[in-house]
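As the structure is a computational prediction, the values presented were derived from the model and not from experiment.
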Amino acid sequence: MSIFNNDNFDSHELVTFHEDSATGLKAVIAVHDSTLGPAMGGCRMYPYATELDAVTDVLRLSQGMTYKNSLAGLPIGGGKAVIIGNPKQATPELWKAMGRFVHRLNGQYITAEDSGTSVAAMKLIASQTPFVTGVCDDQAHAGDPSPSTALGVFNSMKVAVQQRFDQQHLSGLVVGIQGFGNVGRHLCRLLIESGVEVIGADPNEDNADQARAMGAKVVDPAMLMSLDMDVFAPCAMGAVLNANSVPNLKAGLVCGAANNQLATPGVEELLAARDILYAPDFAINSGGIIDAFSQYAPDAKIDVAGKISAIGATLTEVYELANEQNILAGAAAIKLAKRRIEEAK
Ligand code: NAD
């Protein structure tokens with residue numbers, strides 16, 4: 001397996017591997033860029049088919065965190081961790097071994113929740129290292145950054161809907177949510193409260209049932225992306241927008257929480273050719289990291305609510321730059337993020 005030639009290597013500052021035979025932990029931590037501060041980003045646990053899949057995922061995710069943290073105006077760099085395995089089989093000992101792995105980096109990387117991990121898992125990590133966030137009990141949602149992520153996506157959807165449909169409210173729209181997990185469920189509630197018709201899918205029956213109870217129409221996961229809808233909101237795994245799926249997508253806008261929704265950056269051109277506007281994931285799903293940073297560094301006293309509302313304004317800036325320079329939104333968002341990092345240098 002080549003790391004340096006991996007398309008997503010992009011001069012990462014650090015990529016480190018760890019295996020703990022006693023607990024079965026196999027994990028990779030990647031730090032992409034620490035110009036703005038120590039790297040912060042979630043820890044994902046997933047049963048990757050190959051080790052290369054895991055490495056590619058962690059590299060793409062940590063690069064995305066660099067851009068996300070920069071656009072959110074946070075004093076932190078981009079990093080991410082992945083654990084290869086089925087989260088249902090994770091033991092407390094495995095999470096503690098992960099905590100020791102994080103600790104070895106002495107604060108270069110600060111971990112948090114992501115897909116397949118939980119507040120309980122982070123608390124076990126926190127028993128081994130202080131370099132973890134999303135474990136703060138005194139918040140309304142007890143450390144879980146997902147409601148903040150959902151709120152940021154919801155605010156951004158209003159901006160993107162205005163841009164695409166020239167409409168100032170969400171009421172009456174049909175939004176398709178892929179994944180009613182930690183973020184998708186909260187987004188579902190916010191949208192239904194705003195008069196949106198939510199259709200959606202989740203192979204996890206419990207999560208699908210919770211969405212159904214809120215008033216969402218639940219469909220087969222394999223069908224969702226080809227149904228008529230105004231907005232498609234991916235809130236499950238990455239790479240769901242690709243050369244196979246985009247030609248069948250009937251939405252006018254893609255705006256969701258999932259990281260790395262585009263299988264490759266070129267997929268945004270396929271979306272644009274079909275007049276489907278894209279809200280770049282890393283520009284709009286930063287509510288969770290804003291929340292996580294405030295838990296980690298309470299002395300920084302950041303205005304969490306203000307920063308989450310500002311995500312919509314950042315998306316407006318992204319669309320303005322894209323229009324000005326006749327480029328797509330994804331490229332415009334990366335330009336804005338890199339500008340801030342260059343200024344810091
Ligand atoms: P989660 O694991 O809680 O939820 C994901 C849900 O997607 C699960 O219910 C799962 O069953 C479902 N799912 C899996 N495959 C599916 C499919 N083919 N069709 C429909 N549903 C499917 O994860 P989460 O924390 O809600 O995060 C969702 C996405 O948002 C991830 O890509 C994550 O990286 C990203 N994200 C999360 C946060 C956060 O605060 N949790 C922040 C930023 C980005």
Side-chain angles (χ1 to χ4, degrees), residues 33 35-36 63-76 78 148-171 173 175 187 190-191 194 196 230-234 241 246 249 251-262 264-290 302-345:
D33 189 298
T35 308
L36 296 174
Q63 185 192 44
M65 287 310 301
T66 298
Y67 301 146
K68 184 186 309 192
N69 293 341
S70 169
L71 285 176
L74 294 170
I76 44 177
S148 297
T149 303
L151 185 58
V153 172
F154 175 73
N155 291 340
S156 306
M157 201 180 283
K158 292 184 197 158
V159 168
V161 159
Q162 165 85 53
Q163 177 80 16
R164 175 60 182 82
F165 303 114
D166 200 15
Q167 175 175 322
Q168 285 192 338
H169 52 85
L170 300 178
S171 159
L173 293 175
V175 177
L187 182 62
L190 291 168
L191 291 173
S194 302
V196 167
D230 299 298
V231 184
F232 174 53
L241 298 164
V246 170
L249 194 61
L253 169 67
V254 174
C255 181
N259 284 309
N260 297 333
Q261 294 163 24
L262 307 179
T264 62
V267 171
E268 195 178 353
E269 284 164 31
L270 303 179
L271 289 170
R274 300 204 54 235
D275 200 18
I276 302 172
L277 181 68
Y278 174 57
D281 47 28
F282 56 88
I284 67 167
N285 67 8
S286 54
I289 198 74
I290 292 169
I302 63 158
D303 171 10
V304 175
K307 273 203 176 299
I308 293 175
S309 323
I311 296 173
T314 301
L315 184 62
T316 303
E317 259 187 86
V318 166
Y319 287 139
E320 282 171 359
L321 184 66
N323 288 340
E324 240 170 68
Q325 301 198 354
N326 200 21
I327 55 177
L328 292 174
I334 292 175
K335 272 196 171 197
L336 274 183
K338 284 188 171 171
R339 195 182 284 171
R340 179 160 181 258
I341 294 167
E342 283 309 312
E343 282 165 9
K345 279 179 182 163

Check whether any side-chain N or O of D281 sits under 3.5 Å from a backbone N or O of N260 as a donor-acceptor pair, and report yes or no.
yes

Determine, step by step, whether L173 and Q167 satisfy the side chain to side chain contact (heavy atoms under 4.5 Å, CB included) criterion, reporting the C-alpha distance in whole Å, the side-chain angles of both residues, the deciding distance to 0.1 Å, and the verdict.
CA-CA 10 Å; L173 293 175; Q167 175 175 322; 3.8 Å; yes

In Å, rounded to the nearest 0.5 Å, how long is the span from OG of S309 to CG of D303?
7.5 Å

Can you measure from CG (D33) to NZ (K338) and round to the nearest 0.5 angstrom?
10.0 Å

What is the distance from atom CD of Q163 to atom CD of E320, rounded to the nearest 0.5 Å?
8.5 Å

Between R339 and L321, is a side chain to side chain contact (heavy atoms under 4.5 Å, CB included) present by the stated rule, with each step listed?
CA-CA 12 Å; R339 195 182 284 171; L321 184 66; 3.9 Å; yes

F232 pairs by side chain to side chain contact (heavy atoms under 4.5 Å, CB included) with which of L253, I276, V175, L241?
L241

Ignoring hydrogens and geometry, is there a side-chain-to-backbone donor-acceptor pair from T316 to G312 under 3.5 Å?
yes

dist T314:OG1 -> L336:CG (nearest 0.5 Å) comes out at 8.0 Å

Rounded to the nearest 0.5 Å, what separates atom CG in N69 from atom CZ in R340?
9.0 Å

Backbone N/O of L262 and side chain of E268: donor-acceptor pair under 3.5 Å
no

Kindly check if the number of other-residue, nucleotide or ligand heavy atoms within 6.0 Å of CD (E269) is above 12?
no

Would you call K345 and E342 a salt bridge, using N to O less than 4.0 angstrom?
yes

Only one of V231, D230, D275 passes side chain to side chain contact (heavy atoms under 4.5 Å, CB included) with R164, and that residue is D275

For S156 and G152, indicate whether the former's side chain and the latter's backbone hold a donor-acceptor pair under 3.5 Å.
yes

Value rounded to 0.5 Å, distance of CD in E343 from CG in L36
10.0 Å

